[in-house]
Amino acid sequence: CRNNIISITKINNFKYFYDFKIYMEKINHAVTEANNSFRTADHLAYVSYPLLRDNKLLLIITKNLYITALKSVDAVLHYERMYKRINILPTDFDTKMIIFEKEIVPKMNIKPNVSKVIRDLRFIVQQHKDSPIEFSRKEKFVICSDDYSSMKTIDIEMLKSYIVIMREFLTIINRLK
């Protein structure tokens, strides 16, 4: 009977270690992807855009910032799940954001404007995906609906402010590794 208890304990310890290792790999992968896409967005905003002045770069910067945000939120959710602080790992964006805003933002002292930026980046990417009309105007990139009822403009100053916010968020995320 004692040998059975010892072997069950070893199995449970191995299972816990194995789960921990899998979660750490997922966290490290998500953090690495977030850092890579952030570096791309930062370089495009501060080096490439001033040289080229191509407004289509604004959309690429936005998409890279959005990838940074998604991967960062995924890393935090996996981290919290690893320590069993959350019960589920959601797959859809809205549920991820609800858990992120209600449980993780206050616990990890993340500024609330991070959630606003993430939601705004998602809105821009979604609107671009659904939009039939987009054009450049002066130093802005404009995304419109069919009937021009909703328009979203992207400019470099807005994206630079998002980069500053995401950089602060990434410093917190990089501590998870």
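For the single chain, residues carry numbers from 1 onward in sequence order.
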| message | Would you say that more than 12 heavy atoms from the other residues, nucleotides or ligands in this model lie under 6.0 Å from the NZ of Lys56, or not? | response | no
| Lys140 NZ: over 12 foreign heavy atoms closer than 6.0 Å | no
| field | Atom NZ of Lys107 with >12 non-hydrogen neighbours under 6.0 angstrom | value | yes
| message | Quick one: does any side-chain atom of Asn55 pair with a main-chain N or O of Lys138 as donor and acceptor, under 3.5 Å? | response | yes
| Does the side chain of Ser115 come under 3.5 Å of the side chain of Asn113 through a donor N or O and an acceptor N or O? | no
| task | Would you mind checking if Glu168 and Lys111 are paired as a salt bridge, meaning a charged N to carboxylate O distance below 4.0 Å? | result | yes
| message | Taking the six-membered ring for Trp, are Phe135 and Tyr148 closer than 6.0 Å centroid to centroid? | response | no
| Exercise: do His29 and Glu25 side chains pair donor with acceptor under 3.5 Å | no
| query | Are Phe169 and Val117 side-chain neighbours, meaning at least one heavy-atom pair lies under 4.5 Å? | reply | no
| request: Find out whether Glu134 and Val142 are in side-chain contact, i.e. whether some heavy atom of one side chain is under 4.5 Å from a heavy atom of the other. | output: no
| said: Looking at Lys116 and Glu101, is there a salt bridge between them, counting it only when a charged N and a carboxylate O are closer than 4.0 Å? | reply: no
| note | Heavy-atom nearest pair, Glu139 first then Asp155, reads O-CB, 4.0 Å
| query | Is the Phe141 ring parallel, tilted or perpendicular to the His128 ring (thresholds 30°, 60°)? | reply | tilted
| field | side chain to side chain contact (heavy atoms under 4.5 Å, CB included) assessment of Val76 paired with Lys71 | value | CA-CA 9 Å; Val76 171; Lys71 295 300 178 180; over 6 Å; no
| query | Distance under 6.0 Å and angle within 45° of the ring axis: does Arg167 meet both against Phe38? | reply | no
| field | Side chain Asp54, main chain Leu57, donor-acceptor under 3.5 Å | value | no
| message | I'd like to know whether Leu59 forms a side chain to side chain contact (heavy atoms under 4.5 Å, CB included) with Ile143, so could you lay out the CA-CA distance, the side-chain angles of the two residues, the decisive distance to 0.1 Å, and finally the verdict. | response | CA-CA 10 Å; Leu59 190 61; Ile143 303 170; 4.3 Å; yes
| Once the angle between the rings of Tyr66 and Phe93 is folded into 0 to 90°, is it parallel (under 30°), tilted (30 to 60°) or perpendicular (over 60°)? | tilted
| Sequence neighbours excluded, which residues qualify as side chain to side chain donor-acceptor pair (under 3.5 Å) partners of Asn36? | Arg39
| query | How far apart are the closest heavy atoms of Ala41 and Asn64, and which atoms are they? | reply | CB-CB, 3.7 Å
| Any side-chain donor-acceptor pair under 3.5 Å between Thr95 and Asp92? | yes
| query | Do Asp74 and Lys96 sit within salt-bridge range, that is, some charged N less than 4.0 Å from a carboxylate O? | reply | yes
| message | Please determine whether a side-chain nitrogen of the Lys or Arg among Lys152 and Asp120 lies less than 4.0 Å from a carboxylate oxygen of the Asp or Glu. | response | yes
